[in-house]
Number of protein chains: 2
Amino acid sequence: MSRTFGEYVRERREELREEDARFSVRQVAARIGVEPSYLSKVERGEQPPPSEATIAALAKELGEAPEVLLAMAGKVPSDLLGIIRRRPRLFSDLLRQLQDLPDHALLRLVREVRDGEW
Amino acid sequence: MSRTFGEYVRERREELREEDARFSVRQVAARIGVEPSYLSKVERGEQPPPSEATIAALAKELGEAPEVLLAMAGKVPSDLLGIIRRRPRLFSDLLRQLQDLPDHALLRLVREVRDGEW
DNA sequence: TCATGCGTGTAGTATATACGACACAGTACC
DNA sequence: GGTACTGTGTCGTATATACTACACGCATGA
(Lines give C-alpha, C1' and ligand atoms only; values in the text may rest on other atoms or scores of the structure.)
Protein backbone atom coordinates (compact mmCIF):
# COMPACT_ATOMS: atom_id res chain seq x y z
CA MET A 1 0.00 0.00 0.00
CA SER A 2 1.17 3.51 -0.69
CA ARG A 3 1.41 6.35 1.79
CA THR A 4 -1.93 7.58 3.02
CA PHE A 5 -2.90 11.21 3.38
CA GLY A 6 -2.43 11.20 7.14
CA GLU A 7 0.90 9.42 7.08
CA TYR A 8 2.22 11.77 4.47
CA VAL A 9 1.16 14.87 6.39
CA ARG A 10 2.69 13.57 9.58
CA GLU A 11 5.98 12.80 7.87
CA ARG A 12 6.20 16.20 6.24
CA ARG A 13 5.32 17.98 9.47
CA GLU A 14 7.88 16.05 11.53
CA GLU A 15 10.51 16.83 8.93
CA LEU A 16 9.81 20.53 9.19
CA ARG A 17 9.70 20.27 12.93
CA GLU A 18 13.29 19.13 13.18
CA GLU A 19 14.26 22.57 12.01
CA ASP A 20 11.45 24.58 13.55
CA ALA A 21 9.57 23.82 16.77
CA ARG A 22 6.59 25.79 15.46
CA PHE A 23 5.57 22.69 13.52
CA SER A 24 3.95 20.86 16.41
CA VAL A 25 0.46 19.37 15.97
CA ARG A 26 -0.96 22.07 18.21
CA GLN A 27 0.64 25.02 16.50
CA VAL A 28 0.01 23.85 12.95
CA ALA A 29 -3.59 23.09 13.87
CA ALA A 30 -3.95 26.60 15.29
CA ARG A 31 -2.51 28.18 12.15
CA ILE A 32 -4.77 26.25 9.78
CA GLY A 33 -7.79 26.83 12.00
CA VAL A 34 -8.69 23.41 13.41
CA GLU A 35 -8.52 21.74 16.82
CA PRO A 36 -5.26 19.93 17.60
CA SER A 37 -7.04 16.70 18.46
CA TYR A 38 -8.65 16.76 15.03
CA LEU A 39 -5.35 17.20 13.21
CA SER A 40 -3.86 14.44 15.35
CA LYS A 41 -6.62 12.06 14.39
CA VAL A 42 -6.38 12.98 10.72
CA GLU A 43 -2.64 12.35 10.73
CA ARG A 44 -3.14 8.94 12.29
CA GLY A 45 -5.93 8.06 9.89
CA GLU A 46 -8.50 7.85 12.64
CA GLN A 47 -10.48 10.52 10.86
CA PRO A 48 -10.82 10.88 7.09
CA PRO A 49 -9.00 13.77 5.39
CA PRO A 50 -10.48 17.24 5.97
CA SER A 51 -12.23 19.59 3.56
CA GLU A 52 -10.62 21.12 0.50
CA ALA A 53 -10.19 24.46 2.28
CA THR A 54 -8.45 22.87 5.26
CA ILE A 55 -6.24 20.73 3.01
CA ALA A 56 -5.27 23.84 1.05
CA ALA A 57 -4.27 25.63 4.25
CA LEU A 58 -2.31 22.58 5.35
CA ALA A 59 -0.53 22.34 2.00
CA LYS A 60 0.52 25.97 2.31
CA GLU A 61 1.88 25.35 5.81
CA LEU A 62 3.82 22.30 4.67
CA GLY A 63 5.09 23.88 1.46
CA GLU A 64 3.34 21.30 -0.67
CA ALA A 65 1.31 21.51 -3.88
CA PRO A 66 -2.37 21.51 -2.84
CA GLU A 67 -3.26 19.34 -5.84
CA VAL A 68 -1.06 16.54 -4.57
CA LEU A 69 -2.41 16.61 -1.03
CA LEU A 70 -5.95 16.80 -2.36
CA ALA A 71 -5.29 13.83 -4.63
CA MET A 72 -4.10 11.80 -1.67
CA ALA A 73 -7.34 12.75 0.05
CA GLY A 74 -9.27 11.38 -2.93
CA LYS A 75 -10.26 14.85 -4.08
CA VAL A 76 -9.70 17.13 -7.05
CA PRO A 77 -9.31 20.92 -6.78
CA SER A 78 -12.68 22.55 -7.31
CA ASP A 79 -11.40 25.03 -9.88
CA LEU A 80 -10.61 22.07 -12.15
CA LEU A 81 -14.12 20.74 -11.67
CA GLY A 82 -15.39 24.12 -12.83
CA ILE A 83 -13.25 23.99 -15.97
CA ILE A 84 -14.60 20.54 -16.86
CA ARG A 85 -18.21 21.42 -16.06
CA ARG A 86 -18.16 24.36 -18.45
CA ARG A 87 -17.43 22.07 -21.43
CA PRO A 88 -18.09 18.56 -20.16
CA ARG A 89 -18.04 16.64 -23.42
CA LEU A 90 -14.88 18.25 -24.72
CA PHE A 91 -12.89 17.85 -21.53
CA SER A 92 -14.22 14.35 -20.84
CA ASP A 93 -13.10 13.19 -24.26
CA LEU A 94 -9.77 14.94 -23.89
CA LEU A 95 -8.97 13.50 -20.46
CA ARG A 96 -9.92 10.00 -21.52
CA GLN A 97 -7.71 10.34 -24.60
CA LEU A 98 -4.79 11.64 -22.56
CA GLN A 99 -5.01 9.29 -19.62
CA ASP A 100 -2.50 6.75 -20.92
CA LEU A 101 0.05 9.13 -22.37
CA PRO A 102 3.40 9.07 -20.58
CA ASP A 103 4.43 12.00 -18.42
CA HIS A 104 6.86 13.42 -20.97
CA ALA A 105 4.18 13.64 -23.63
CA LEU A 106 1.86 15.48 -21.26
CA LEU A 107 4.65 17.82 -20.22
CA ARG A 108 5.37 18.61 -23.85
CA LEU A 109 1.71 19.34 -24.39
CA VAL A 110 1.57 21.69 -21.40
CA ARG A 111 4.64 23.49 -22.65
CA GLU A 112 3.41 23.85 -26.21
CA VAL A 113 0.04 25.18 -25.14
CA ARG A 114 1.73 27.61 -22.79
CA ASP A 115 4.02 28.82 -25.56
CA GLY A 116 1.05 29.60 -27.73
CA GLU A 117 1.46 26.82 -30.23
CA TRP A 118 -2.22 26.13 -29.91
CA MET B 1 -30.41 32.09 -15.75
CA SER B 2 -29.76 28.96 -17.75
CA ARG B 3 -31.75 25.72 -17.67
CA THR B 4 -31.42 23.85 -14.42
CA PHE B 5 -30.88 20.11 -14.10
CA GLY B 6 -34.49 19.44 -13.19
CA GLU B 7 -35.97 21.62 -15.89
CA TYR B 8 -33.76 20.01 -18.49
CA VAL B 9 -34.70 16.48 -17.45
CA ARG B 10 -38.36 17.30 -17.45
CA GLU B 11 -38.18 18.82 -20.94
CA ARG B 12 -36.33 15.86 -22.36
CA ARG B 13 -38.67 13.38 -20.73
CA GLU B 14 -41.79 15.18 -21.98
CA GLU B 15 -40.33 15.28 -25.48
CA LEU B 16 -39.79 11.54 -25.46
CA ARG B 17 -43.20 11.01 -23.98
CA GLU B 18 -44.97 12.53 -26.97
CA GLU B 19 -43.77 9.55 -28.93
CA ASP B 20 -43.85 6.95 -26.20
CA ALA B 21 -46.17 6.79 -23.18
CA ARG B 22 -43.57 4.77 -21.31
CA PHE B 23 -41.83 8.03 -20.45
CA SER B 24 -44.09 9.02 -17.57
CA VAL B 25 -42.55 10.10 -14.26
CA ARG B 26 -43.67 6.86 -12.68
CA GLN B 27 -42.33 4.53 -15.36
CA VAL B 28 -39.01 6.31 -15.80
CA ALA B 29 -38.57 6.38 -12.04
CA ALA B 30 -39.26 2.66 -11.88
CA ARG B 31 -36.72 1.95 -14.62
CA ILE B 32 -33.96 3.99 -13.02
CA GLY B 33 -34.75 2.58 -9.59
CA VAL B 34 -36.16 5.51 -7.59
CA GLU B 35 -39.55 6.47 -6.21
CA PRO B 36 -41.76 8.50 -8.56
CA SER B 37 -42.29 11.23 -5.98
CA TYR B 38 -38.53 11.63 -5.74
CA LEU B 39 -38.08 12.03 -9.49
CA SER B 40 -40.99 14.45 -9.56
CA LYS B 41 -39.37 16.60 -6.91
CA VAL B 42 -35.99 16.49 -8.63
CA GLU B 43 -37.54 17.57 -11.93
CA ARG B 44 -39.23 20.51 -10.26
CA GLY B 45 -36.09 21.49 -8.39
CA GLU B 46 -37.63 20.80 -5.02
CA GLN B 47 -34.87 18.30 -4.37
CA PRO B 48 -31.25 18.69 -5.48
CA PRO B 49 -29.99 16.46 -8.31
CA PRO B 50 -29.48 12.78 -7.43
CA SER B 51 -26.28 10.76 -7.12
CA GLU B 52 -23.93 10.08 -10.00
CA ALA B 53 -25.26 6.52 -10.40
CA THR B 54 -28.86 7.70 -10.62
CA ILE B 55 -27.96 10.51 -13.02
CA ALA B 56 -26.12 8.01 -15.22
CA ALA B 57 -29.18 5.75 -15.33
CA LEU B 58 -31.35 8.75 -16.14
CA ALA B 59 -29.01 9.88 -18.92
CA LYS B 60 -29.21 6.43 -20.47
CA GLU B 61 -33.01 6.50 -20.33
CA LEU B 62 -33.14 9.94 -21.93
CA GLY B 63 -30.49 9.21 -24.54
CA GLU B 64 -28.22 11.92 -23.22
CA ALA B 65 -24.50 12.10 -22.54
CA PRO B 66 -24.01 11.42 -18.82
CA GLU B 67 -21.22 14.01 -18.65
CA VAL B 68 -23.60 16.77 -19.65
CA LEU B 69 -26.29 15.82 -17.18
CA LEU B 70 -23.69 15.44 -14.45
CA ALA B 71 -22.26 18.86 -15.29
CA MET B 72 -25.72 20.40 -14.92
CA ALA B 73 -25.89 18.72 -11.53
CA GLY B 74 -22.62 20.40 -10.57
CA LYS B 75 -20.71 17.13 -10.76
CA VAL B 76 -17.92 15.56 -12.79
CA PRO B 77 -17.79 11.85 -13.80
CA SER B 78 -15.81 9.95 -11.21
CA ASP B 79 -13.63 8.21 -13.79
CA LEU B 80 -12.26 11.63 -14.75
CA LEU B 81 -11.51 12.37 -11.12
CA GLY B 82 -9.51 9.16 -11.03
CA ILE B 83 -7.50 10.17 -14.08
CA ILE B 84 -6.61 13.52 -12.52
CA ARG B 85 -5.83 12.04 -9.11
CA ARG B 86 -3.28 9.65 -10.57
CA ARG B 87 -1.16 12.55 -11.87
CA PRO B 88 -2.51 15.63 -10.14
CA ARG B 89 0.19 18.15 -10.98
CA LEU B 90 0.36 17.24 -14.65
CA PHE B 91 -3.37 17.27 -15.23
CA SER B 92 -3.93 20.36 -13.09
CA ASP B 93 -1.40 22.31 -15.12
CA LEU B 94 -2.81 20.98 -18.34
CA LEU B 95 -6.43 21.80 -17.58
CA ARG B 96 -5.54 25.29 -16.40
CA GLN B 97 -3.58 25.85 -19.60
CA LEU B 98 -6.40 24.57 -21.78
CA GLN B 99 -9.30 26.26 -20.06
CA ASP B 100 -9.40 29.31 -22.33
CA LEU B 101 -8.78 27.61 -25.64
CA PRO B 102 -11.71 27.75 -28.06
CA ASP B 103 -13.69 24.61 -28.79
CA HIS B 104 -12.14 24.05 -32.19
CA ALA B 105 -8.62 23.98 -30.75
CA LEU B 106 -9.64 21.44 -28.12
CA LEU B 107 -11.38 19.33 -30.76
CA ARG B 108 -8.25 19.36 -32.87
CA LEU B 109 -6.24 18.27 -29.86
CA VAL B 110 -8.60 15.39 -29.11
CA ARG B 111 -8.43 14.28 -32.72
CA GLU B 112 -4.67 14.46 -32.96
CA VAL B 113 -4.14 12.51 -29.77
CA ARG B 114 -6.63 9.91 -30.90
CA ASP B 115 -4.85 9.57 -34.25
CA GLY B 116 -1.61 8.85 -32.45
CA GLU B 117 0.14 12.13 -33.25
CA TRP B 118 1.27 12.27 -29.65
C1' DT C 1 6.75 22.07 42.26
C1' DC C 2 4.27 24.15 39.15
C1' DA C 3 3.26 26.46 34.94
C1' DT C 4 3.63 25.54 29.94
C1' DG C 5 3.43 22.96 26.10
C1' DC C 6 2.83 18.41 24.08
C1' DG C 7 -0.09 14.55 21.75
C1' DT C 8 -4.25 12.17 22.21
C1' DG C 9 -8.84 9.88 24.02
C1' DT C 10 -13.87 10.43 24.53
C1' DA C 11 -18.02 12.35 23.35
C1' DG C 12 -20.93 15.06 20.85
C1' DT C 13 -22.80 18.19 16.99
C1' DA C 14 -24.47 20.64 12.73
C1' DT C 15 -25.22 20.16 8.05
C1' DA C 16 -25.58 17.80 3.80
C1' DT C 17 -26.63 13.81 0.88
C1' DA C 18 -29.72 10.73 -1.10
C1' DC C 19 -33.18 8.92 -0.91
C1' DG C 20 -38.12 5.73 0.64
C1' DA C 21 -43.05 5.14 2.18
C1' DC C 22 -47.49 6.35 1.75
C1' DA C 23 -51.39 8.82 0.72
C1' DC C 24 -54.15 11.80 -2.09
C1' DA C 25 -56.59 14.04 -5.94
C1' DG C 26 -57.21 14.16 -10.81
C1' DT C 27 -58.11 11.89 -15.40
C1' DA C 28 -59.24 8.40 -18.88
C1' DC C 29 -61.15 4.14 -20.28
C1' DC C 30 -64.63 0.49 -20.46
C1' DG D 1 -68.80 3.75 -11.63
C1' DG D 2 -65.07 1.01 -10.70
C1' DT D 3 -60.17 0.28 -12.43
C1' DA D 4 -55.81 1.95 -13.66
C1' DC D 5 -52.81 5.20 -14.34
C1' DT D 6 -51.08 9.87 -13.57
C1' DG D 7 -48.28 13.59 -10.82
C1' DT D 8 -47.39 15.27 -6.35
C1' DG D 9 -47.59 16.51 -1.04
C1' DT D 10 -46.05 15.16 3.60
C1' DC D 11 -43.07 12.98 6.54
C1' DG D 12 -39.34 10.41 7.88
C1' DT D 13 -34.59 8.20 7.69
C1' DA D 14 -29.87 6.33 7.18
C1' DT D 15 -25.31 7.66 6.19
C1' DA D 16 -21.61 10.75 5.45
C1' DT D 17 -19.03 15.04 6.15
C1' DA D 18 -16.43 18.01 8.86
C1' DC D 19 -15.56 19.16 12.41
C1' DT D 20 -15.64 21.18 18.18
C1' DA D 21 -15.15 20.84 23.24
C1' DC D 22 -12.88 19.18 26.92
C1' DA D 23 -10.05 16.52 29.66
C1' DC D 24 -6.14 13.51 30.55
C1' DG D 25 -1.38 12.16 31.33
C1' DC D 26 3.42 13.04 30.05
C1' DA D 27 7.63 15.96 29.59
C1' DT D 28 10.40 20.04 30.07
C1' DG D 29 12.21 24.10 32.15
C1' DA D 30 12.40 27.80 35.87
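Per chain, numbering begins at 1; letters A, B, ... match sequence-line order.
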Give a yes/no answer on whether the side chain of Ser40(B) brings an N or O atom under 4.0 Å of OP1 or OP2 in dG7(D).
no
Mind checking Gln27(A) for me? I need base, sugar-phosphate or nothing, with any heavy atom below 4.0 Å counting as a touch.
sugar-phosphate
Leu39(B) CG - dT6(D) P separation (whole Å):
12 Å
Of the nucleotides dT10(C), dG7(D), dT8(D), which one has an atom closest to the side chain of Glu46(A)?
dT10(C)
Using whole Å, what does the distance between atom P of nucleotide dT17(C) and atom CD1 of Ile55(B) come to?
12 Å
Can you identify which nucleotide, out of dT20(D), dG7(D), dC6(C), has its nearest atom closest to the Arg17(A) side chain?
dC6(C)
Given atom CZ of Arg13(A) and atom C1' of dT8(C), what is their separation to the nearest angstrom?
12 Å
With heavy atoms under 4.0 Å as the rule, sort Pro36(B) into base, sugar-phosphate or nothing.
base
Choose from dA21(C), dG7(C), dC19(D) the nucleotide whose nearest atom is closest to any side-chain atom of Lys41(B).
dA21(C)
Rounded to the nearest angstrom, tell me the gap between atom CZ in Phe23(A) and atom P in dG5(C).
18 Å
Any side-chain N or O of Ser51(A) less than 4.0 Å from the OP1 or OP2 oxygen of dT17(D)?
no
Candidate nucleotides dC19(D), dG20(C), dC6(C), ranked by approach to the side chain of Glu35(B) - the nearest
dG20(C)
Do any side-chain nitrogens or oxygens of Arg44(B) fall under 4.0 Å of OP1 or OP2 in dG9(D)?
yes
Which of the following nucleotides, dG9(D), dA18(C), dG7(D), is nearest to the side chain of Lys75(B)?
dA18(C)
Output the single nucleotide from dG9(D), dG9(C), dA23(D) whose closest atom is nearest the side chain of Arg26(A).
dA23(D)
Would you indicate which nucleotide in dC19(C), dT20(D), dG9(D) comes nearest to any side-chain atom of Tyr38(A)?
dT20(D)
Is there a donor and acceptor pair closer than 3.5 Å between the side chain of Ser37(A) and the base of dA21(D)?
yes
Salt bridge present between Arg13(B) and Glu43(B) (N-O < 4.0 angstrom):
yes
Before giving the answer on salt bridge (Lys or Arg N to Asp or Glu O under 4.0 Å), spell out for Arg10(A) and Glu7(A) the whole-Å C-alpha distance, their side-chain angles and the decisive distance to 0.1 Å.
CA-CA 5 Å; Arg10(A) 170 142 296 191; Glu7(A) 285 167 353; over 6 Å; no
Atom-pair distance (CZ on Arg10(B); C1' on dG7(D)), nearest Å
8 Å
Between Asp93(A) and Arg114(B), is the closest basic N to carboxylate O distance under 4.0 Å?
no
Do NZ/NE/NH1/NH2 and the carboxylate oxygens of Lys75(B) and Glu52(B) come within less than 4.0 Å?
no
Quick check on dT6(D): is either OP1 or OP2 less than 4.0 Å from any side-chain nitrogen or oxygen of Arg22(B)?
no
Do Ser51(A) and Thr54(A) have side-chain N/O donor and acceptor atoms under 3.5 Å apart?
yes
